[in-house]
Amino acid sequence: MQPETDEEENSKQHPLVFFDLETTGLGQDCEIIQLAAVNGGHSLNLYIIPRCRIQRGAARVTGFKVRGQRLYLHGQLVFTNSLKEVVVSFLTFLQMLGRPLLIGHNSRSFDCPLLARALDELDLRAEFQASVSGCVDTLPLARELLRDRRLQSFRQENLVRELLGINYKAHDALEDVRTLQTLYGFLQPTQDVVCRHKFTLDTMESKPAVPSSKS
DNA sequence: TGCCAGGCCCTCTTTAGGGCCTT
């Protein structure tokens, strides 16, 4: 069987998986606390106890706290898995859908490098690459599609409010991916636009986690 | 108490600087 050309690959309508991470902060040493993904009515929502301290700003916006090796979300104890269990579950979710396109907001700069680091730590990057057809970042996509609307902000929360008229619980990964799916449906990018914004983790540098002296 | 990062994009630009966006 001949491998597909880029043109053949790009013309395909792949299933869409929307994903989001909540983390301990914004720096390169931050760790994943929550991973959520959605495809239509199917969803995945898993939590991890981070090894490093949750930065104050991250705790404030996400509502996560670690107390006595337990993770709390807005004061409620949540069930957690190991990083490996979460990443393997995510891979299984992607594989079940048959090489979907992975979509996230500002994912090129934030979520995907973090995901790449987790995959490298578990030696699963190659398996991930074979499980998706590519990644798309809805931040530059929205900027291109909504160029004429003169929006003040392209933050996901703002786009959802301005375009869908919905105020939602931002900074909960599952809520974020559900609203991103709806937002993407509203934007209705053409296949051409999607291809222009498509990228892979191939060239994405995986920055090693720096042991935190703060924890 | 306040700050802590980094990639992308735009412009008052391109050899830079600053704002946006993610937690």
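Naming: A, B, ... by sequence-line order, numbering from 1 per chain. Basis for what follows: all heavy atoms, side chains included, without hydrogens, waters or symmetry-related copies. Quantities reported herein were computed from a predicted structural model and do not represent experimental measurements.
Of the candidates Asp176(A), Thr138(A), Thr179(A), His105(A) forms a side chain to side chain donor-acceptor pair (under 3.5 Å) with just one, namely Thr138(A).
Nucleic acid contact class of Asp172(A) (heavy atoms, under 4.0 Å, all strands): none. Residue Leu139(A) is classed as a sugar-phosphate contact, given heavy-atom separations below 4.0 Å to backbone atoms only. The residue Thr24(A) sits apart from the nucleic acid: no heavy atom pair falls under 4.0 Å. Among the atoms of the strands shown, only primed sugar atoms or phosphate atoms (P, OP1, OP2) are found under 4.0 Å from some heavy atom of Asp20(A). Counting any heavy atom pair closer than 4.0 Å across all strands shown, Leu21(A) reaches sugar-phosphate atoms only and no base atom.
Look at Arg155(A) and you'll find a side-chain N or O under 4.0 angstrom from OP1 or OP2 of dT22(B). Between dT22(B) and His105(A), a contact under 4.0 Å exists linking OP1 or OP2 to a side-chain N or O.
Going from atom CG of Asp137(A) over to atom P of dC20(B) covers 17 Å, rounded to whole Å. Summarising the geometry, the separation between CG on Asn106(A) and C1' on dT22(B) is reported as 5 Å, rounded to the nearest angstrom. Residue Arg117(A) contributes atom CZ, which lies 13 Å from atom C1' of dT23(B) at whole-angstrom precision. With rounding to whole Å, Arg108(A) atom CZ is found 12 Å from dG7(B) atom P. Between Lys65(A) atom NZ and dT23(B) atom P the separation is 20 Å, expressed in whole Å. Whole-Å rounding puts the Leu114(A) CG to dG7(B) C1' distance at 13 Å. Taking atom CZ of residue Arg60(A) and atom C1' of nucleotide dC4(B), one finds them 13 Å apart after rounding to whole Å. Between Arg53(A) atom CZ and dT23(B) atom P the separation is 22 Å, expressed in whole Å.
Using P as the reference atom, dG7(B) and dC12(B) are 25 Å apart when rounded to the nearest Å. The separation of dC21(B) from dT1(B), taken at their P atoms, amounts to 29 Å, rounded to a whole angstrom. Annotation: dG2(B) and dC9(B) have their P atoms spaced 34 Å apart (nearest Å). A distance of about 13 Å separates the P atoms of dG18(B) and dT13(B), rounded to the whole Å. Spacing between dT11(B) and dC4(B) at atom C1', rounded to whole Å, works out to 28 Å.
Set against dC21(B), dC3(B), dT23(B), the side chain of His171(A) has dT23(B) as its closest nucleotide. When each of dC21(B), dT23(B), dC8(B) is scored by its nearest atom to the side-chain atoms of Ser109(A), the top-ranked nucleotide is dC8(B).
In this structure, Arg147(A) and Ser153(A) both approach DNA chain B, and ranking their closest nucleotides by distance from the 5' end singles out Arg147(A). Residue-to-nucleotide proximity on DNA chain B shows that, of Gly27(A) and Arg143(A), the 5′-proximal contact is made by Gly27(A).
Seen from the ring of Tyr72(A), Arg67(A) does not count as a face-on cation partner, given the 6.0 Å and 45° thresholds.
Scanning all heavy atoms of the two residues, the minimum distance from Gln181(A) to Gly40(A) falls at OE1-N, 2.7 Å. Considering every non-hydrogen atom in both Ala36(A) and Val177(A), the closest pair reads O-CG1, 3.6 Å.
In the hydrophobic clustering of this structure, Phe128(A) groups with Leu97(A); members are Ile, Leu, Val, Met, Phe, Trp, Tyr whose side-chain heavy atoms approach within less than 4.5 Å, directly or through other members.
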Evaluate the criterion ring-ring contact (aromatic ring centres under 6.0 Å, His included) for residue pair Phe79(A) and Tyr47(A); output intermediate values, then yes/no. CA-CA 7 Å; Phe79(A) 182 79; Tyr47(A) 300 91; 9.3 Å; no
